[in-house]
*Asks:* 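Provided herewith is a single structure, encoded as structure tokens, for subsequent inquiry.
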There are 2 protein chains.
Amino acid sequence: MEKLPAEGTQARRFGKTRFAQSTAVLEDYAELIADLLASAGEARPTDIARRLGVSHATAIKTIARLKRAGLATARPYRGVFLTEKGHALADRVRVRHRLVVDVLRALGVPSEAAEADAEGIEHHVSEITLKAFAQFLKLRG
Amino acid sequence: MEKLPAEGTQARRFGKTRFAQSTAVLEDYAELIADLLASAGEARPTDIARRLGVSHATAIKTIARLKRAGLATARPYRGVFLTEKGHALADRVRVRHRLVVDVLRALGVPSEAAEADAEGIEHHVSEITLKAFAQFLKLRG
DNA sequence: TATAAATTGTAGTATGGGCTACACTTTGAC
DNA sequence: GTCAAAGTGTAGCCCATACTACAATTTATA
């Protein structure tokens, strides 16, 4: 979610909100797919749908978007894989998620709520804020 | 944010994501309208659109949604007003926004980034987390 | 008071997330 | 090897956000 499309391009039809929102979904998918690939060796639409609580049709459509965005590859009936770019995104997302949860917990938020809220919060944390979070945790030991 | 629609009703066609997203937009509008009413005495679609960086057509459509949700009233060419419910929402949102910004700043996030990020983060902060934030700030003086 | 400028409203279109229903592969059990 | 179950894909629909383009009203100015 670091950079918005350039002014002149298709930005016009991409309000900040919509952009942030649709980016958040892609981030969630990338992270989950990386997780499934690591733990199960494969990422299938049905598993993804189940984990995200959406219908498999919705998952498949979003996977198509991941492909269009150059984040994933997939061939019919053969599961989903991440491109290098997709893996990089998943890694960034995972690190950020951990950081947000840790900060919330450090602030006294119960683990369960911290995990739940981080899910929504993480997509809106800028690089600057992320750095501050890391620094805060480091100082705090 | 606080509560999702009941299972049996129209919930079915209101994914978690969509619900959170559309609620966030209504919250932003309510807050902004309250702000405009307080500072300028009136809240006009064009002002709202300008402040939110969307077209006036988009603002007008969302204002219609606010009306449907019982949060605002508006008559053609006569500006927008908040209902009691709308004011209550705006108040809650304002308090929450302040709290989130203050916590970010306390964590060492520069003011500008804190304000910007809070805009996105605040809609995902649960009551539990909010309480923890307040407590944290109190202890910290 | 006319008339131009600004504001407001409406229509039509695109994208995105979500769903159900139905069709088509693969897989697995006999 | 057949056939049913599971998984996968497609089509069609809804609603929300957003936009541009055009129409209508209000306001401000000549």
Side-chain angles (χ1 to χ4, degrees), chain A residues 1 4-5 7-29 32-33 36 40 42-69 71-81 120 123, chain B residues 4-5 7-29 33 36 40 42-69 71-81 120 123:
Chain A
M1 46 108 213
L4 278 72
E7 261 314 280
T9 59
Q10 57 183 358
R12 191 53 34 68
R13 49 190 41 267
F14 239 120
K16 288 164 288 193
T17 304
R18 283 216 69 59
F19 182 74
Q21 172 58 14
S22 65
T23 300
V25 172
L26 294 187
E27 289 178 348
D28 285 340
Y29 272 73
L32 173 54
I33 292 168
L36 288 171
E42 60 177 8
R44 296 183 161 282
T46 298
D47 296 329
I48 294 169
R50 199 155 27 217
R51 285 275 290 267
L52 294 176
V54 300
S55 70
H56 80 275
T58 297
I60 287 172
K61 270 196 190 173
T62 305
I63 290 166
R65 273 191 61 228
L66 285 171
K67 292 207 280 185
R68 267 184 276 145
L71 296 168
T73 58
R75 292 206 343 273
Y77 301 96
R78 288 287 169 271
V80 186
F81 298 91
H123 303 291
Chain B
L4 278 74
E7 264 312 281
T9 59
Q10 58 182 359
R12 192 52 34 70
R13 48 190 43 268
F14 236 121
K16 290 163 286 194
T17 306
R18 284 218 69 59
F19 182 75
Q21 172 58 15
S22 67
T23 299
V25 173
L26 294 186
E27 289 178 349
D28 285 340
Y29 272 73
I33 292 169
L36 288 171
E42 60 177 8
R44 296 182 163 283
T46 298
D47 296 328
I48 294 170
R50 198 155 27 217
R51 285 276 289 268
L52 294 175
V54 300
S55 71
H56 78 275
T58 296
I60 286 172
K61 275 196 185 170
T62 304
I63 289 165
R65 272 189 63 225
L66 284 172
K67 294 206 281 185
R68 282 202 300 276
L71 295 168
T73 58
R75 292 206 344 272
Y77 301 95
R78 286 290 168 270
V80 186
F81 298 92
H123 302 292

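Hydrogens, waters and symmetry mates play no part in the numbers below; they use all other heavy atoms, side chains included. Everything numeric here is computed off the predicted structure, so don't read it as measured data. Note on naming: letters A, B, ... go to the chains in the order of the sequence lines (proteins, then strands), and numbering restarts at 1 for each one.
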*Asks:* Which nucleotide wins on minimum distance to the side chain of A/S55, given the candidates C/dC19, C/dT26, D/dA18?
*Replies:*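 Taking heavy atoms from C-beta onward, the closest nucleotide is C/dC19.
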
*Asks:* Need to verify one output field. Residue with the more 5' nearest nucleotide on DNA chain D, B/R68 or B/A57?
*Replies:*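 Checking each residue's closest nucleotide, the 5'-ward one belongs to B/R68.
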
*Asks:* For A/Q21 and D/dA18, give me the distance from atom CD to atom C1', rounded to whole Å.
*Replies:*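 Value for this atom pair: 14 Å.
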
*Asks:* Identify, between B/Y29 and A/P76, the residue whose nearest nucleotide on DNA chain D lies closer to the 5' end.
*Replies:*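 Its nearest nucleotide being more 5', the pick is A/P76.
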
*Asks:* Can you check whether B/H56 stacks with the C/dT8 base, using ring centres under 5.5 Å and planes within 30°?
*Replies:*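 B/H56 ring centre within cut-off of C/dT8 base, planes near parallel; stacks.
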
*Asks:* Among the nucleotides C/dT7, C/dG18, C/dT10, which one has an atom lying closest to any side-chain atom of A/V54?
*Replies:*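 The nucleotide sitting nearest to the side chain is C/dG18.
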
*Asks:* Over how many whole Å does the gap from A/D47 atom CG to D/dA6 atom C1' extend?
*Replies:*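 Rounded to whole Å, this separation is 12 Å.
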
*Asks:* Calculate the interatomic distance between B/I63 atom CD1 and D/dA16 atom P; express it in whole Å.
*Replies:*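 In whole Å, D/dA16 P lies 16 Å from B/I63 CD1.
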
*Asks:* Checking side chain to side chain contact (heavy atoms under 4.5 Å, CB included) between B/L36 and each of B/R44, B/R51, B/E42, which is the one that passes?
*Replies:*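 Output: one option passes, namely B/R51.
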
*Asks:* How far apart are the closest heavy atoms of B/A74 and B/V80, and which atoms are they?
*Replies:*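 In terms of heavy atoms, the two residues are closest at CB-CA, 4.1 Å.
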
*Asks:* Between atom CZ in A/R75 and atom P in C/dT26, what is the gap in whole Å?
*Replies:*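 These atoms are roughly 11 Å apart.
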
*Asks:* As a test of reading the structure: which of C/dT27, D/dT8, C/dG18 is closest to the side chain of A/R44, going by heavy atoms?
*Replies:*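 Minimum distance to the A/R44 side chain belongs to D/dT8.
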
*Asks:* For the side chain of B/Y77, counting heavy atoms from C-beta on, which of D/dT26, D/dA18, C/dC19 is nearest?
*Replies:*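 Comparing D/dT26, D/dA18, C/dC19 against the side chain of B/Y77, the answer is D/dT26.
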
*Asks:* C/dT15 C1' sits how many Å from A/L26 CG, rounded?
*Replies:*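 Value for this atom pair: 13 Å.
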
*Asks:* Nearest whole Å is fine: how far is C/dA6 P from B/R78 CZ?
*Replies:*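 My rounded result for the distance is 19 Å.
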
*Asks:* Rounded to whole angstrom units, what separation is found between the CZ atom of B/R50 and the P atom of C/dA6?
*Replies:*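 Between P of C/dA6 and CZ of B/R50: 11 Å.
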
*Asks:* Would you please test A/I33 and A/L66 for side chain to side chain contact (heavy atoms under 4.5 Å, CB included) and show each step?
*Replies:* CA-CA 11 Å; A/I33 292 168; A/L66 285 171; 3.6 Å; yes

*Asks:* Any donor and acceptor pair, going by atom type alone, linking the side chain of B/T62 with main-chain N or O of B/T58 inside 3.5 Å?
*Replies:*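 Pair found, side chain donor or acceptor close to backbone of B/T58.
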
*Asks:* Starting the side chain at C-beta, find the nucleotide from C/dG17, D/dG7, C/dT13 nearest to A/S22.
*Replies:*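 Among C/dG17, D/dG7, C/dT13, the one nearest the side chain of A/S22 is C/dG17.
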
*Asks:* Measure from CD on A/E27 to P on C/dG17 and round the result to the nearest Å.
*Replies:*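 Spelled out: CD on A/E27 to P on C/dG17 is 13 Å.
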
*Asks:* With DNA chain C as reference, determine whether B/K61 or B/T46 sits nearer its 5' end, using the nearest nucleotide of each.
*Replies:*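 Counting from the 5' end, the first nearest nucleotide belongs to B/T46.
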
*Asks:* Do B/H123 and B/D28 have side-chain heavy atoms sitting under 4.5 Å apart?
*Replies:*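 They are in contact (side-chain heavy atoms under 4.5 Å apart), so the answer is yes.
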
